[in-house]
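As structure tokens, the structure follows; a few thoughts come after it.
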Amino acid sequence: MATGKEVDSLLNIFDRAVDQNNFIPTFILGHLWIESLLFHILKLKTEISDKALERLTHAKLIDKVESECILSSSQIETLRAINRIRNKIAHNISYDMTISEYKSLIELAQEAFSDMTDGLLQTLEELEGKNKISEMSEFVYPELFMQIAYDLESVYTNLGGEL
């Protein structure tokens, strides 16, 4: 499987994008999951039409959530950090997040969101002694997004939304 600097053909890019054991697809899908939750939270909290919400970029959705005072500043900061990494991936398909970057992101999320099932703690433990993300067990890949989703789903239901 091609990763990082080895990505040198369209087929390798496709393989990297659909490989279930690769961190990148999980990160992209997690980013989309957060976007969907933000969309539905804003739909309940504001008078903005679905059409207008659908036109907002992920960054603008976060800005709107921030302006509505729906989430804490540390939660907003974490969501922006996730979006920055997603943008790095989107604009450089061979981008590989470093262990240091990922650890910082997990620690940021741990300060901002409830770690309901200890997934963030388990991810940090899994990162210990690793040199590359690809050395981690895949079971921790979605944990960042699962823990954030628990809190965002709580916000959604507190606003009257039904899961």
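The chain is numbered in sequence order, starting from 1.
- Under the 4.5 Å side-chain criterion, counting only non-hydrogen atoms from C-beta, N131 is not in contact with I99.
- No chain of hydrophobic side-chain contacts below 4.5 Å, direct or via other Ile, Leu, Val, Met, Phe, Trp or Tyr residues, connects M116 to L121.
- Distance check: L56 CG to L61 CG gives 5.0 Å after rounding to the nearest 0.5 Å.
- Between D50 and K43 a salt bridge is recorded (basic side-chain N to carboxylate O distance below 4.0 Å).
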- Message: Test side-chain contact (heavy atoms from CB on, under 4.5 Å) on L71 and L79; report intermediate values, then the result.
- Response: CA-CA 10 Å; L71 299 176; L79 296 180; 3.7 Å; yes
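- Counting only distance, with no hydrogens or angles, the side chain of S154 and the backbone of Y150 share no donor-acceptor pair below 3.5 Å.
- Atoms CG and CG, from L53 and L42 in turn, are 5.5 Å apart once rounded to the nearest 0.5 Å.
- The shortest non-hydrogen separation linking L152 to I41 is O-CD1, 3.5 Å.
- Minimum interatomic distance between A81 and L105 (heavy atoms only, all atoms of both residues): CB-CD1, 3.8 Å.
- Put simply, CD1 on I85 and CD1 on I28 are 10.5 Å apart, with the number rounded to the nearest 0.5 Å.
- We find the CD-OH distance between E138 and Y141 to be 5.5 Å, quoted to the nearest 0.5 Å.
- A distance of 6.0 Å separates OG1 of T157 from CG of L163, quoted to the nearest 0.5 Å.
- D151 and S114 make their closest contact through OD2-N, 2.8 Å (heavy atoms, listed as atom of the first residue, atom of the second, distance).
- For the side chain to side chain donor-acceptor pair (under 3.5 Å) test with H31, the passing option among N83, N87, T26 is N83; the others fail.
- Salt-bridge check for R86 with E35: failed, with every basic side-chain N at 4.0 Å or more from each acidic carboxylate O.
- Under the 4.5 Å side-chain heavy-atom criterion for ILVMFWY residues, no single connected hydrophobic cluster contains both L127 and L108.
- In the displayed structure, E107 atom CD is contacted under 6.0 Å by more than 12 heavy atoms of other residues, nucleotides or ligands.
- Going from atom OG1 of T78 over to atom CD1 of I106 covers 10.0 Å, rounded to the nearest 0.5 Å.
- Residues that satisfy the ring pair (Phe, Tyr, Trp, His ring centres under 6.0 Å) test with F145, not counting sequence neighbours, are F27.
- The salt bridge (Lys or Arg N to Asp or Glu O under 4.0 Å) pairs that include a residue from residues 53-66 are D63-R80, K64-E68, E66-R80, where partners are two or more places apart or lie in different chains.
- At a cut-off of 3.5 Å, with distance as the only test, no side-chain donor of S100 or T98 sits close to an acceptor on the other residue.
- Residues I133 and D96 are not in side-chain contact: their nearest non-hydrogen atoms beyond the backbone lie 4.5 Å or more apart.
- Q147 and E143 share a donor-acceptor pair across their side chains, judged by distance under 3.5 Å alone.
- The shortest heavy-atom contact between I62 and L38 is CG1-CD1, 3.9 Å.
- Between Y102 and F23, the shortest heavy-atom distance links the atoms CE1-CZ, 3.4 Å.
- The heavy-atom pair separating I24 from Y95 by the smallest distance is CD1-O, 4.0 Å.
- Residues I48 and F39 fail the side-chain proximity criterion, which asks for heavy atoms closer than 4.5 Å.
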- Item | Verdict with reasoning, L144 to I82, per side-chain contact (heavy atoms from CB on, under 4.5 Å) | CA-CA 10 Å; L144 169 65; I82 289 169; 4.1 Å; yes
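- E126 contributes a side-chain N or O that, together with a main-chain N or O of S137, makes up a donor-acceptor pair within less than 3.5 Å.
- With hydrogens and angles ignored, the 3.5 Å screen pairs no side-chain donor or acceptor of D115 with any backbone N or O of Q110.
- L29 is listed as a side-chain neighbour of L32, based on a closest heavy-atom distance under 4.5 Å.
- With contacts defined as side-chain heavy-atom distances shorter than 4.5 Å, the pair E153/H40 does not qualify.
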